[in-house]
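For the numbers below, each heavy atom of this structure counts, side chains included, while hydrogens, waters and symmetry mates do not.
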Amino acid sequence: MLAAEPDSFTAHHALGIIRAQQGRNAEAIEWIGAALTLEPDVAPAWANHGNLLSAAGRLDEALASYDKALAIQPEAFEVLLNRARTLLDLQRLEKALRDYDAVLAISPDHVEALNDRGNILRSLKRFEEALASFNKALALGPGLAETLVNRGVTLSDLRRLEEALADYDAALAIKPDSAPALNNRGFTLRELGQLENALANYNKTIDIQPNYPAALNNRAKLLCEMDRIREGFADFSRAAAIVRHAASVRPVADEPPHKTRHDREQNEYLAESVGKSSSFAHGVELKTAAINRSNDPGAVAARWRTTNPCSVVIDNFLTVEALEGLRRFCWDNAIWRTVYSDGYLGAFPEQGFACPLLAQIADELRRAHPAIFHGYPLLYLWAFKYDSRLAGTAVHADEAAINVNFWITPDEANLDPGSGGLVIWDTKPPPDWDFARYNGEAGPIRDFLTRSGAKSITVPYRSNRAVIFDSDLFHQTDTIRFKAGYRNRRINVTLLYGRHRRRSP
């Protein structure tokens, strides 16, 4: 047919459909694309093209094809639904929400659309609206385990924890091996302070789905809170390896210039370091102490008690071996994966910032200074790496009882010994502020600090200096002026201990 009619839209399109049915998607895309060059005004062909591109993971191209189809047939229901799904996959949430609203205007009882719409609204932190969407979906389909889980998560966001548990239990009654239901049930039990029950849920989740990163990371945080830091870090590392493997088979998305610049510098540094690897690069636990024992706990505790609000600076924080080991771990590993628009990069335990040396430091620190930590468990940790041409963290407070912030880049990298450290205010957020507010936009926080007459202190940067303070206090990175070069980038590590006093279950 094609040989007889080489310019036939029908022949090209039919061959594309046949190739798709044979599982030869790349060829199918080419044949339907060729058909559309012959007759570009056929909406179903654009829709088919979009579906194939979406299946191939070429989401932006799929979106363009759906747009073409909808320009011809604006109310084509399936195309609207598929474009909404694609926008959701691309995390273009506001646009996806508009498409789902258009789908529901045509078909108000479309359960899948109601469920997806609820997930978008939850991601946008419009929790009550999300709840209404899930409620309607469940009124139409009461046995939907996935939607019960989604509603449970939203109820948990709203701190309606017992109601969330009821939804997870209902989901598990329908689908007893639902890993998402068990995982989220574990999270809610932890929030209720039922740590052993939460651990049992995570263990069962991981038995069902061993390579489930969210459950491994949740269990890791719980184990840290239960004083089983080393076990927790092993779970973090396992989850990070799973995620890295999955990322390695996906194309790298466009990244901002400061991330590209960092990665290029790191690759050049690693190329020069070939053959020089040591155990330091792996962040191994030391046979000797990691926390410098020359810092007298009694003197540190006295400084803590006599400072209002509570804060203390400790120099020579780590032993020489621990400091060198942590530097090498941070320099040698591709853990800097979270990108911040202000210009710095984050490394989190879920991304591999959870080596045995860090577990040793975190554990030794609270045991070395019991008068400060009062047995508080480690809740979370991260590191930030900065680009001196850009800014550091803006003013915020963190959700914990005690904040430990310490710096590891050599002093010779700092061009201004009077700055480069941390600014801490003597004021806490009002009791009615939630985490999103006191950890969010800097403008409203600064307005509050001005109105309340808050005073600040500046702790200048020093390598191997730790600043320990009440995590409720507002703080930010001081002005940074460091030398160019990969190993000169400022690195700070943050450890958070103890449940936030206003959010304890």
Side-chain angles (χ1 to χ4, degrees), residues 1-107 110-113 115-117 119-120 123 146 211 213 242-256 259-260 263 337 339:
M1 178 180 175
L2 191 61
E5 300 181 69
D7 295 330
S8 167
F9 164 86
T10 302
H12 282 80
H13 187 261
L15 190 53
I17 296 299
I18 291 168
R19 291 291 181 262
Q21 292 168 345
Q22 294 170 336
R24 296 157 66 176
N25 275 23
E27 293 175 53
I29 290 167
E30 292 301 319
W31 280 111
I32 294 178
L36 286 163
T37 62
L38 297 168
E39 291 189 28
D41 296 329
V42 183
W46 282 115
N48 290 334
H49 199 236
N51 294 342
L52 289 165
L53 288 164
S54 179
R58 294 160 61 178
L59 300 184
D60 278 305
E61 294 172 81
L63 204 58
S65 287
Y66 293 140
D67 287 344
K68 294 274 192 180
L70 288 166
I72 301 163
Q73 291 182 353
E75 293 190 359
F77 178 81
E78 289 296 333
V79 184
L80 270 172
L81 183 59
N82 288 333
R83 186 173 70 174
R85 291 168 176 155
T86 304
L87 287 164
L88 179 55
D89 288 341
L90 288 165
Q91 288 298 292
R92 297 174 191 172
L93 300 183
E94 295 285 0
K95 291 182 177 179
L97 183 60
R98 287 197 292 270
D99 269 11
Y100 277 113
D101 285 341
V103 166
L104 290 164
I106 298 168
S107 179
H110 196 286
V111 172
E112 182 188 341
N115 180 67
D116 287 351
R117 183 177 182 273
N119 285 330
I120 293 169
S123 296
E146 179 186 346
N211 292 333
I242 294 165
V243 172
R244 276 198 302 272
H245 175 74
S248 70
V249 299
R250 293 196 301 265
V252 177
D254 290 339
E255 292 178 327
K259 175 67 161 61
T260 304
D263 291 354
R337 297 179 179 274
V339 181

A.B. asks: Considering only heavy atoms from C-beta outward, does the side chain of Lys95 approach that of Leu90 to under 4.5 Å?
C.D. replies: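 Of all side-chain heavy-atom pairs linking Leu90 with Lys95, none is under 4.5 Å.
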A.B. asks: About how many Å separate NZ of Lys68 and CG of Asp41, when rounded to the nearest 0.5 Å?
C.D. replies: 9.5 Å
A.B. asks: Less than 4.5 Å apart, side chain to side chain, heavy atoms only: is that true for Arg83 and Leu70?
C.D. replies: yes
A.B. asks: Tell me the closest heavy-atom pair linking Ala84 and Ala96, and the distance in Å.
C.D. replies: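 Smallest heavy-atom distance, with atoms named: O-CB, 3.8 Å.
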A.B. asks: Over all heavy atoms of both residues, which pair between Asp101 and Arg117 is shortest? Give the atoms and the distance, please.
C.D. replies: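 Heavy atoms of Asp101 and Arg117 come nearest at OD1-NE, 2.7 Å.
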A.B. asks: What are the two closest non-hydrogen atoms of Glu75 and Ile106, and how far apart are they?
C.D. replies: O-CD1, 4.0 Å
A.B. asks: Distance check, rounded to the nearest 0.5 Å: Arg337 atom CZ versus Arg244 atom CZ?
C.D. replies: 6.0 Å
A.B. asks: If you compare all heavy atoms of His110 against all heavy atoms of Leu104, which two are closest, and at what distance to 0.1 Å?
C.D. replies: O-CD2, 3.8 Å
A.B. asks: Give, for atom CG of Leu52 and atom CD1 of Ile17, the distance between the pair rounded to the nearest 0.5 Å.
C.D. replies: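 Those atoms lie 7.0 Å apart.
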A.B. asks: Which of these, Asp99, Thr86, Asn51, sits in a side chain to side chain donor-acceptor pair (under 3.5 Å) with Tyr66?
C.D. replies: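 Single side chain to side chain donor-acceptor pair (under 3.5 Å) partner of Tyr66 among Asp99, Thr86, Asn51: Asn51.
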A.B. asks: Look up atom CG in Leu63 and atom CG in Asp67, then write down how far apart they are to the nearest 0.5 Å.
C.D. replies: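 Leu63 CG to Asp67 CG: 5.0 Å, rounded to 0.5 Å.
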A.B. asks: I want to check something: taking the side chain as every heavy atom from C-beta on, are Tyr100 and Leu80 in contact at a cut-off of under 4.5 Å?
C.D. replies: no
A.B. asks: I'd like to know whether Ser54 forms a side chain to side chain contact (heavy atoms under 4.5 Å, CB included) with Asn82, so could you lay out the CA-CA distance, the side-chain angles of the two residues, the decisive distance to 0.1 Å, and finally the verdict.
C.D. replies: CA-CA 9 Å; Ser54 179; Asn82 288 333; over 6 Å; no
A.B. asks: Decide yes or no on side chain to side chain contact (heavy atoms under 4.5 Å, CB included) for Ile29 and Arg58, but give the supporting numbers first.
C.D. replies: CA-CA 11 Å; Ile29 290 167; Arg58 294 160 61 178; 3.9 Å; yes
A.B. asks: Could Asp263 and Lys259 be called an ion pair, given the rule that one side-chain N must be under 4.0 Å from one carboxylate O?
C.D. replies: yes
A.B. asks: Testing the basics here: between Asp60 and Arg92, what is the closest heavy-atom pair and its distance to 0.1 Å?
C.D. replies: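 For Asp60 versus Arg92, the nearest heavy atoms are OD1-NH2, 2.6 Å.
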A.B. asks: Between Ile72 and Pro40, which heavy-atom pair has the shortest distance, and what is it?
C.D. replies: CD1-O, 3.9 Å
A.B. asks: Decide yes or no on side chain to side chain contact (heavy atoms under 4.5 Å, CB included) for Asn115 and Glu146, but give the supporting numbers first.
C.D. replies: CA-CA 9 Å; Asn115 180 67; Glu146 179 186 346; 3.5 Å; yes
